[in-house]
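Please read all numbers here as calculations on a predicted model, not as lab measurements. We name chains A, B, ... by the order of the sequence lines, and we start the count at 1 in each one.
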Amino acid sequence: LPTRKEPIWIARDLAKCSGCRKCEIACSLSHEGCIWPDASRVRVFMLVPGLEFPHLCAQCEDYPCVEACPVKALSVSDKTGAVLVDNETCTACGQCIDACPGRIPHMHPREKHIVICDLCNGNPQCVKVCLEGSWNVLRTVKRGDEPYGLYAREPEEITRDLAAKIYGENGGEYL
Amino acid sequence: VIRGYAGKFLDIDLSNQAIRETRFNDETLKNYVGGRGLATKILWDRLGSKWEDVDPLGPDNLLLLLTGPLTGYYPGGRTCVSGKSPQSNGVVGSTLSGEFGVELRCAGYDGIIVTGESEKPVYLLLKDSDVELRNAGAVWGKDRKETVLELTKECRGLLKTRYPKYGEWKEPAMLYVGPAGENKVRTAVVCSKWVHAAGYGGYGAVMGSKKLKAVAVKGTGPLPEPADTRRVKKLMETVCNDIYEEELWRRWGTGAGGYDFGNKTSSEPIRNWQEEWHDEKSYGVDRFENRLWMKQYWGDFGCPTTCLKLAVVKSGKFKGAMTDNPDYEMQAYLGTNLGIFTPEENVFLASLLDELGLCGIQTGNVMGFAAELFDRKIMTKEDFEGVEPKWGDAEAFATLAERIAYRENIGDTLAEGTYRAALKIGRRKKMNLLPYAVQSKGIGIGAHGIRSGQDFPDIISYACSVQCGDHTSLASLPLDGGGETMNIFSDSGVFCVFNSFGVPRRIVFDFYRAVTGLDLTRREWCLNKALRILQLQRVMLLLGGPDLKWNPKIHDDNPPRFYEPLPTGPYKGKAADKAAVEEYKRRYYRAVGWDKNGVPTPRILRKLGLEDVEKALKRIRFD
């Protein structure tokens, strides 16, 4: 693992997500200067109501998206460990989406480049609003040597797990 | 151009499958804002000249799905559903939470106007400005769970196929109707997600009558640009920080009310309002919380309160039932009003009504009415054809609700709502059954009684409201004191009124200014703009028709039950005082500009610039 100066990770407690989407509001205000849910780097999926969860980059230890980029538009931040997108270089080919085990990156809705969580240079705005409201779904922690890549999962898979947890035995009816 | 609006509306004629765009001029938007206000204006302009003849469940009626400039900005966005109401024959601005309004604005539209009637069941899919009507044959007849899951899958699949390089699509936001709406049940709702419903007004029946099963929208743009983004951001923080200090609705939602409103304020409907007090600790919010809530905080776009709580029954007879807290209105109308005091049974019934697309308030009201007639032996087992709606029997009420949703047997009569059912059964029994109908001008009264004098509605709030029994639109004096005129503001700016409690009063107008760039004072709103909307709603309510008309002398009143003394509890013996009601009504009429018959005066209409409405006054006739 490369040495980072202030490596952080956003710990997530998905089953507690209220679906308030304040993370999307904060992220898009910070990155786009306006409220823009579909341009947000963190997106709340609700494939099944009651099973809302924030979907955002998990910064896998092996960074498959960075590996997959054919034009080297993606890099890893020396400071935080976040994946950084060079918007000018990115050709919007989408290979990083296919390389990501959670299909987390998505295209910017208006511009020709991918969007990926950049950890707000160490001060994630989504975490800030989530804690302010004491939802405590997202929390910034020091990055250690844990299997973070496990958290990069497709929305359907996460939904299936949450259905079992929240709807219990009847969870299957919701899929 | 006024800031904060997308600037255009979709205008869809289902009879001809014609889709076009419409705009409204700045003057209209300044005066009527959006949501309920704009709905009132659109309905008047398009249907006003023939209002009395427009069948709310016919092709001429409009179904309006409107946002406002504050939708998505003021914390807790909503969508306003309107049209000619099949309950009151007037106009109701009925709002529901969820992401629909936000998605719609991000798609570039402030609202959708639907007229006509499709030949076959359809649903509308919007991806930004790509708008299409699609076959809804596969989901027609389906309940909430199947409708939401199947359409979500279908729409996401389409987006994925059409935009394969985009990555994973979030689900579109959706409004839909259940079987009750399809069957034109007057107590049917327009639904969103699992539990959100635009209930008052009965617009589920309007949507169903047009064979429009659902509207799904994915907007990929930003919210329409506000006049002052920095100020909006600051105001959002102020509102959220104030709300974060509040305990009650954040922690328990309105669900704390199921015990509290009965026990403390003695204003909860019990057994069709025969009582309003109880001390059933079995119905305490702690029981709901500890036994059923899988999520303590559950809510919608931008909401700091998240007053919903996800309730799931995981074992026992009612296993699989799933709904929100239930909120207070559901706890009351699908609980205490039917003699039910067990959390699991209450969740079971609320869950079932969600599946069927029925309004818990209106359907709980009409089922309570039916149960009292059964209890009093006015209606018999034969009338109910096998169901015995006994107080406290959740399963009997479940069967009755299903019959209402599918208009089977007695359900076909009860599907007309309490007032119309009372007239119909009364004719059959040759009796006046209106003393048992706890409603006002076709709309069942919200679960906040007036007899104890301890709850928030005034003694004329329901009697004089232009939205009748709606407990979220309450007439009161002074006009700028926070009653119906302020309800019109939240329904027209289209945001959740629950996020305006506990924040400084002026903030909603600060918000309006930061988003639109227009100045608006509370006084100007309450005494001019809201009053104009109110007069228009009143005129259409009094024009009424085609099946029923209202005479204010008779119908601007409380249900008879509210004049009967409370039989139990700390406020035992208290009742609404007829003379006090009449006196308050006279003062209210004067303040709002209505003559002694309750009709808006030519003077007030002229003062508000409603000259064309003045001409319609001669069409208001009382038999």
Side-chain angles (χ1 to χ4, degrees), chain A residues 15-22 24-26 28-29 32-40 43-52 55 92-94 96-98 100 102-110 114-115 129 132-137 154-156 165-170 173-175, chain B residues 72-73 75-76 98-99 102-103 106 128 145 148-149 152-153 156 163-171 173 192-196 218-223 225-226 229 232-233 236-237 240-241 243-244 250 294-306 308 310 312 314-315 319-320 322:
Chain A
K16 285 205 299 204
C17 176
S18 72
C20 79
R21 294 155 172 92
K22 284 201 175 299
E24 292 181 350
I25 294 171
S28 56
L29 274 169
E32 305 285 344
C34 58
I35 297 180
W36 194 346
D38 268 50
S40 173
R43 295 183 300 159
V44 173
F45 276 75
M46 187 193 67
L47 306 188
V48 177
L51 309 179
E52 300 82 356
H55 200 228
C93 71
C96 55
I97 303 173
D98 297 330
C100 174
R103 297 186 58 78
I104 292 168
H106 71 286
M107 289 303 158
H108 190 284
R110 292 239 173 111
I114 200 82
V115 292
V129 290
E132 274 170 4
S134 47
W135 319 117
N136 304 334
V137 178
E154 292 189 22
E156 279 82 359
K165 179 163 177 164
I166 289 176
Y167 294 129
E169 241 184 287
N170 294 80
E173 290 173 19
Y174 294 84
L175 304 170
Chain B
Y73 286 120
E99 286 68 43
V102 174
E103 288 280 0
C106 289
D128 300 323
K145 211 183 281 169
V148 169
L149 296 178
T152 301
K153 241 175 235 166
R156 276 189 83 229
Y163 307 90
K165 295 246 175 192
Y166 175 80
E168 289 297 305
W169 282 92
K170 284 208 301 182
E171 70 294 333
S192 187
K193 299 169 144 182
W194 287 153
V195 298
H196 299 327
K218 183 83 218 100
T220 67
L223 277 176
E225 197 185 347
T229 302
V232 169
K233 202 178 153 194
M236 284 170 66
E237 282 167 13
C240 289
N241 289 336
I243 300 267
Y244 291 151
R250 287 204 88 202
M294 293 309 300
K295 268 191 186 182
Q296 182 97 35
Y297 304 103
W298 192 32
D300 307 277
F301 191 86
C303 183
T305 306
T306 53
L308 299 180
L310 176 57
V312 183
K314 286 200 169 173
S315 59
K319 188 166 97 174
M322 175 272 300

Counting only non-hydrogen atoms closer than 4.5 Å, does [X] touch chain A with its backbone (N, CA, C, O), its side chain (CB onward), both, or neither?
X        : result
B/Tyr244 : side chain
B/Cys303 : backbone
B/Glu99  : side chain
B/Thr229 : side chain
B/Lys193 : both
B/Leu223 : both
B/Lys165 : both

Checklist entry - To the nearest 0.5 Å, what is the distance between CG (B/Leu310) and CE (B/Met322)? => result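 Interatomic distance, B/Leu310 CG to B/Met322 CE, rounded to 0.5 Å: 7.0 Å.
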
Let me know if [X] has heavy atoms under 4.5 Å from chain B in its side chain, its backbone, both or neither.
X        : answer
A/Leu175 : backbone
A/Cys93  : backbone
A/Ile25  : side chain
A/Arg103 : both
A/Asn170 : side chain

Looking only at heavy atoms and a cut-off of under 4.5 Å, which of [options] has the most pairs with chain B?
options                              : answer
A/Ala39, A/Pro37, A/Ala92            : A/Pro37
A/Gly94, A/Gly133, A/Gly168          : A/Gly133
A/Cys17, A/Pro105, A/Cys100, A/Ser28 : A/Cys17

Next on the checklist: Can you confirm if the NZ or CZ of A/Lys16 lies within 45° of the ring axis of B/Tyr297 and under 6.0 Å from the centre of its six-membered ring?
Outcome noted: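 Negative - A/Lys16 is either too far from the ring of B/Tyr297 or too far off its axis.
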
Checklist entry - More than 12 heavy atoms of other residues, nucleotides or ligands under 6.0 Å from CD of A/Glu169: is that the case? => result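 Not buried by this count: 12 neighbours or fewer within 6.0 Å.
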
Checklist entry - What closest approach, in Å, do B/Cys240 and B/Pro75 show between heavy atoms, and which atom pair accounts for it? => result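 B/Cys240 and B/Pro75 have their closest heavy atoms at SG-CG, 4.0 Å.
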
salt_bridge([X], [Y]) N-O dist < 4.0 Å:
X        : Y        : result
A/Glu156 : B/Arg156 : yes
B/Lys218 : B/Asp128 : no
A/Glu24  : B/Lys170 : yes

Next on the checklist: Any side-chain to backbone donor/acceptor pair from B/Trp298 onto A/Cys20? Under 3.5 Å, distance only.
Outcome noted: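 Not a single qualifying donor-acceptor pair exists.
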
Checklist entry - Is the backbone of A/Ile166 close enough, under 3.5 Å, to the side chain of B/Lys314 for a donor and an acceptor to pair up by distance? => result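 Judged by distance alone, yes, a pair lies under 3.5 Å.
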
Checklist entry - Which word best sums up how the rings of A/Trp36 and A/His108 line up, parallel for under 30°, tilted for 30 to 60°, or perpendicular for over 60°? => result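 A/Trp36 and A/His108: perpendicular rings.
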
Checklist entry - Who wins among B/Gly167, B/Gly219, B/Gly221, B/Gly72 for the most heavy-atom pairs under 4.5 Å with chain A? => result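 Heavy-atom pair counts peak at B/Gly221.
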
